[in-house]
Amino acid sequence: MDSVVSTFGEQLYALFVESQSVGIRRYEDEGQVLIATQLSPLVVKLLERGGALLQAIMERYEPEESSESEDLVFELSGDAVAPDPGAPEDPRRVAANVAFMAHSELRQHRQRLLAHHPAADAQEMVSECGGALRAIQKALYAVEPGLCQLENTGRLLPSLLDTSLEVRRHYRKLWNFATVTGDVTPEQVRAALRGAGTRISILAGSEVYSLLREDDRFYIRELQVRILDWLRDGDENLAGVRIWQDFSLFVEILRQVNLREELVRHDRQAIEDAIAACESGQLELSKAKKRLAPILGVDDTLDRAIEASADVATLLSALRRVSTQVSGGSSEVSSHSVAL
């Protein structure tokens with residue numbers, strides 16, 4: 001058993017590394033032919049490997065006894081056979097079910113990529129390839145905890161939380177700039193767009209940039225081109241104001257990074273711990289900024305309270321208000337949310 005389990009772990013990690021190393025960004029400026037003949041087949045092969053791995057996990061951990069009759073009885077008279085809500089779920093069945101759902105999603109991505117052809121839209125194909133790679137990684141992260149629990153092994157995949165915290169730190173620079181600048185007049189727009197262009201360039205040159213969804217990168221590059229063109233040739237200030245408005249709207253959309261499941265869990269726990277520390281008098285204002293730095297970006301008002309560290313009462317009030325919001329948070333994100 002140990003050799004098989006080790007093989008599963010090694011396959012999980014190897015597939016993750018290969019999906020990370022595809023380098024999809026280099027295809028974004030290529031034509032349809034290279035995308036359809038090189039990128040899409042490469043991602044299809046990774047999807048097939050992921051599907052084969054998930055199939056093997058299903059076959060290994062699917063309970064031998066069939067539950068079809070139980071499911072049928074439950075559908076016909078659910079009250080009579082409803083399972084005990086307090087009873088623990090069979091971890092083998094959970095692992096098999098997770099693998100089954102992930103396998104189904106990878107199969108759908110594969111079907112879409114197999115339809116790619118050299119006459120198709122390049123941006124659409126790149127976006128679908130990027131979505132397929134994220135689906136592979138999502139599947140690996142979904143099945144790994146169950147495998148670790150069943151076989152008492154350590155985690156191999158890197159922390160999603162660390163990545164999300166780093167993404168949020170970079171995005172906060174963008175939305176802070178947009179928030180502080182606010183609405184601009186035609187007379188102010190040149191300085192505002194110059195600042196926006198600088199910050200976009202910094203983001204595009206960072207490691208975080210490769211973690212964005214392909215559609216977001218396309219849009220950011222489009223914004224960057226529009227800003228640079230206007231700064232170079234623009235003499236119509238109202239056109240500059242419209243570009244600034246588009247930049248501000250997109251930056252607000254990026255705030256949805258806070259809805260990532262791992263960030264919701266992290267922020268909820270960090271805020272609860274900070275509230276308890278404030279109430280017990282254990283959180284020193286002089287150390288509050290450093291201790292609470294990981295939750296900067298959750299809320300603008302809370303950010304100001306943390307960075308100002310004016311008094312415990314103000315900080316506690318901000319923490320309590322945001323705690324209510326975070327507790328009701330959802331991990332669902334829009335089509336413009338950040339990758340991973």
Side-chain angles (χ1 to χ4, degrees), residues 4-5 7-20 22 43-75 78 81-85 87-115 127-151 153 155-161 163-164 213 256 259-265 329-335 337-340:
V4 175
V5 173
T7 299
F8 278 158
E10 291 171 357
Q11 289 183 51
L12 279 174
Y13 185 73
L15 184 55
F16 177 84
V17 171
E18 290 190 41
S19 67
Q20 287 280 82
V22 168
V43 179
V44 166
K45 289 182 180 179
L46 292 175
L47 287 167
E48 291 172 347
R49 283 180 52 193
L53 174 58
L54 293 168
Q55 181 67 38
I57 292 172
M58 282 189 284
E59 292 175 355
R60 180 172 181 80
Y61 295 112
E62 181 69 45
E64 294 181 0
E65 67 277 8
S66 173
S67 63
E68 292 181 0
S69 59
E70 296 177 1
D71 293 340
L72 178 59
V73 173
F74 181 78
E75 289 177 6
V81 296
D84 179 4
E89 292 187 86
D90 179 357
R92 296 175 64 87
R93 185 184 299 278
V94 171
N97 288 343
V98 171
F100 172 79
M101 291 185 288
H103 184 276
S104 298
E105 183 173 353
L106 295 195
R107 185 171 62 247
Q108 294 173 14
H109 282 281
R110 179 179 178 273
Q111 291 172 345
R112 285 196 289 271
L113 266 59
L114 287 174
S127 296
E128 288 183 345
C129 286
L133 291 172
R134 286 190 295 276
I136 292 172
Q137 293 167 16
K138 178 181 176 183
L140 299 179
Y141 276 106
V143 299
E144 189 193 33
L147 291 177
C148 291
Q149 177 187 1
L150 285 167
E151 309 299 341
T153 58
R155 303 287 291 269
L156 292 175
L157 300 181
S159 168
L160 276 176
L161 176 60
T163 299
S164 293
R213 293 180 184 272
Q256 292 184 75
L259 300 182
R260 289 185 179 184
E261 185 177 355
E262 64 273 13
L263 282 180
V264 170
R265 289 197 303 266
S330 167
S331 61
E332 295 299 320
V333 294
S334 80
S335 61
S337 61
V338 185
L340 274 198

Working to the nearest 0.5 Å, report the span between [atom1] of [X] and [atom2] of [Y].
X    : Y    : atom1 : atom2 : result
E62  : R60  : CD    : CZ    : 14.0 Å
Q55  : L106 : CD    : CG    : 12.0 Å
R260 : T163 : CZ    : OG1   : 8.0 Å
I57  : L147 : CD1   : CG    : 4.5 Å
R110 : E105 : CZ    : CD    : 15.5 Å
C148 : L157 : SG    : CG    : 8.0 Å

Open item on the list: Would you say that R107 contacts S104 through its side chain, given a criterion of any heavy-atom pair below 4.5 Å between the two side chains?
Closed with: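 Yes, close enough: below the 4.5 Å cut-off.
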
- [ ] Please tell me if the side chains of L46 and L15 come closer than 4.5 Å, counting only heavy atoms from C-beta onward.
- [x]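 Sidechains of L15 and L46: in contact.
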
Considering all heavy atoms of both residues, which atom of [X] and which atom of [Y] are nearest to each other, and what is their separation?
X    : Y    : value
Q149 : P91  : NE2-CB, 4.0 Å
S19  : Q137 : OG-NE2, 3.3 Å
R92  : L150 : CG-CD2, 3.7 Å

Among residues at least two apart in sequence or on other chains, which ones pass side chain to side chain contact (heavy atoms under 4.5 Å, CB included) with [X]?
X    : answer
A102 : L54, A139
V94  : E89, V98
P145 : R155
A132 : V43, L47, H109, L113

- [ ] For side-chain contact (heavy atoms from CB on, under 4.5 Å), just list the numbers for L156 and L12, CA-CA rounded to whole Å, side-chain angles, deciding distance to a tenth of an Å, and then say yes or no.
- [x] CA-CA 8 Å; L156 292 175; L12 279 174; 5.8 Å; no

TODO: Output all residues satisfying side-chain hydrogen bond (donor to acceptor under 3.5 Å, both in side chains) with Q111, sequence neighbours left out; order by chain, then residue number.
DONE: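 Q111 satisfies side-chain hydrogen bond (donor to acceptor under 3.5 Å, both in side chains) with no residue once adjacent residues are dropped.
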
Open item on the list: Checking E18 now: which residues fulfil side-chain hydrogen bond (donor to acceptor under 3.5 Å, both in side chains) with it, not counting sequence neighbours?
Closed with: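 Residues passing side-chain hydrogen bond (donor to acceptor under 3.5 Å, both in side chains) with E18: R49.
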
TODO: Classify the angle between the aromatic ring planes of Y61 and F8 as parallel (below 30°), tilted (30 to 60°) or perpendicular (above 60°).
DONE: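 Rings of Y61 and F8: tilted, as their planes differ by 30° to 60°.
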
